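Reading through the structure tokens given below for one structure.
These numbers come from the heavy atoms of this one structure, side chains and all, not from hydrogens, waters or symmetry mates. Quick caveat, the model's predicted, so the values are computed rather than measured.
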Amino acid sequence: MDNIDHFNLRSFDLNLMIAFDAMMQEMSVTKAAEKLRIGQSAMSHNLNTLRMLLADDLFVRVGQKMQPTAKARALAGPVRTALSQAQNALHATDSFDPQSAQRVFRLGVTGEMDMILLPVLMQHLQQQAPGIKILSRTITSETVDGMINGGEIDLAIGCKSQLNTGHFGEVLFNSEVACCFNPDILDLPLPMSRAQYLASRHAVLSQTENVAGCVGVALQGMGIELDVVLAAPDFMPLLAAARNSAVIATVPCRIANQYAPLFGLSYCPMPIDVAFPPVTMNWAVWTDKDVGLIWLRDQIRAAINAIAPDRELQAAE
DNA sequence: GTCTGTCTCTTCTGATGGGG
DNA sequence: CCCCATCAGAAGAGACAGAC
């Protein structure tokens with residue numbers, strides 16, 4: 001604690017970190033102000049103060065939205081962790097020792113997070129909490145409310161930003177997708193063009209009865225029809241299909257980065273700019289008094305931060 | 001050492017203008 | 001038209017000096 005620069009911290013109001021965190025979640029001065037129950041001008045002033053203190057624009061206006069700069073994105077994780085730790089220090093009424101704790105945590109995760117988060121999270125837990133066990137349950141946007149309300153799962157991680165009242169939630173990262181294909185079967189360049197993407201046949205994720213999947217539905221909203229020939233609730237069948245047939249598997253960038261090379265697939269960013277729902281973490285209000293679960297929540301944040309951001313995706317053969 | 005009055009600074013709101 | 005930045009003014013908190 002002796003090396004903390006109290007002089008600099010004196011000029012940095014903790015509320016500015018809260019304002020920054022709200023901006024990262026809302027990507028809008030107006031919405032962030034509403035979230036913190038202050039006026040838009042006060043929020044704008046907070047942002048301006050942050051810009052001066054950190055010598056960076058932090059958020060730049062692009063059309064109707066505020067886009068975070070590289071520095072803002074780099075600060076997002078550490079700021080959220082610091083706020084969480086401060087909150088824990090103020091509210092914790094019990095103690096939790098990860099090294100000695102013996103406990104089973106029940107995580108509700110979507111297929112995507114199953115494959116992205118759990119390998120990294122387990123690596124963290126093996127080192128820091130050898131007595132902790134994870135019971136992973138598959139969730140969908142339809143089942144998550146009932147499972148978290150019924151106590152079947154402790155935390156829910158996936159693509160659903162709003163649960164019923166009585167829950168806390170936060171955005172972990174924004175979903176971006178990549179196109180994976182077998183270069184021995186499909187003669188496509190890297191990166192492929194929008195026209196080449198639309199002229200191909202597709203394998204997409206779908207957790208509903210709709211064969212168009214979340215990608216097809218998002219494109220339908222833009223007036224674009226995708227030729228979907230395979231819809232599956234998990235990503236492995238999509239990548240396997242792309243390996244064996246002339247289809248493009250559209251999957252989250254993190255999945256493409258980690259798993260496309262294992263299937264011998266080439267991949268590149270999706271050539272159409274589509275806004276998908278962000279990946280979120282949700283938990284019931286009562287769990288906020290559970291220091292063990294708060295600790296796990298912070299481990300999940302750390303694991304997410306340890307995974308390369310989607311924006312780093314480059315076309316790869 | 002404690003209390004009180006005054007000044008200064010910070011942060012807020014509401015109004016308004018400008019950019020996309 | 002929506003949203004952000006900026007300005008003027010108000011309110012509250014903190015710093016400081018003087019009185020007791």
Side-chain donor-acceptor pair under 3.5 Å between A:Ser100 and A:Asp97, yes or no?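 A pair is found: one side chain offers a donor N or O, the other an acceptor, under 3.5 Å apart.
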Can you build the contact string for nucleotides 11-17 of chain B? Use B for base contact, S for sugar-phosphate-only contact, and - for no protein heavy atom under 4.0 Å. SSBBB--
Starting at [atom1] of [X] and ending at [atom2] of [N], how long is that distance when rounded to a whole Å?
X: A:Met23; N: C:dA5; atom1: CE; atom2: P; result: 8 Å
X: A:Leu47; N: C:dT6; atom1: CG; atom2: P; result: 10 Å
X: A:Leu16; N: B:dT10; atom1: CG; atom2: P; result: 12 Å

With sequence neighbours excluded, what pairs up with [X] under the salt bridge (Lys or Arg N to Asp or Glu O under 4.0 Å) test?
X: A:Asp56; value: none
X: A:Arg194; value: none
X: A:Arg201; value: A:Asp227
X: A:Asp114; value: none

Looking across every strand, which nucleic acid part, if any, lies under 4.0 Å from A:Thr30 by heavy atom: base, sugar-phosphate, or nothing?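 If one applies the 4.0 Å heavy-atom cut-off, A:Thr30 turns out to touch the sugar-phosphate alone, with no base involved.
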Please determine whether a side-chain nitrogen or oxygen atom of A:Ser28 lies at a distance below 4.0 Å from atom OP1 or OP2 of C:dC3.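 No, outside the criterion.
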Show me the side-chain donor-acceptor pairs of residues 238-245 of chain A shorter than 3.5 Å, one per line, residues at least two apart or across chains.
unit_1, atom_1, unit_2, atom_2, d
A:Asn244, ND2, A:Ala240, O, 3.4
A:Ser245, OG, A:Ala241, O, 2.7

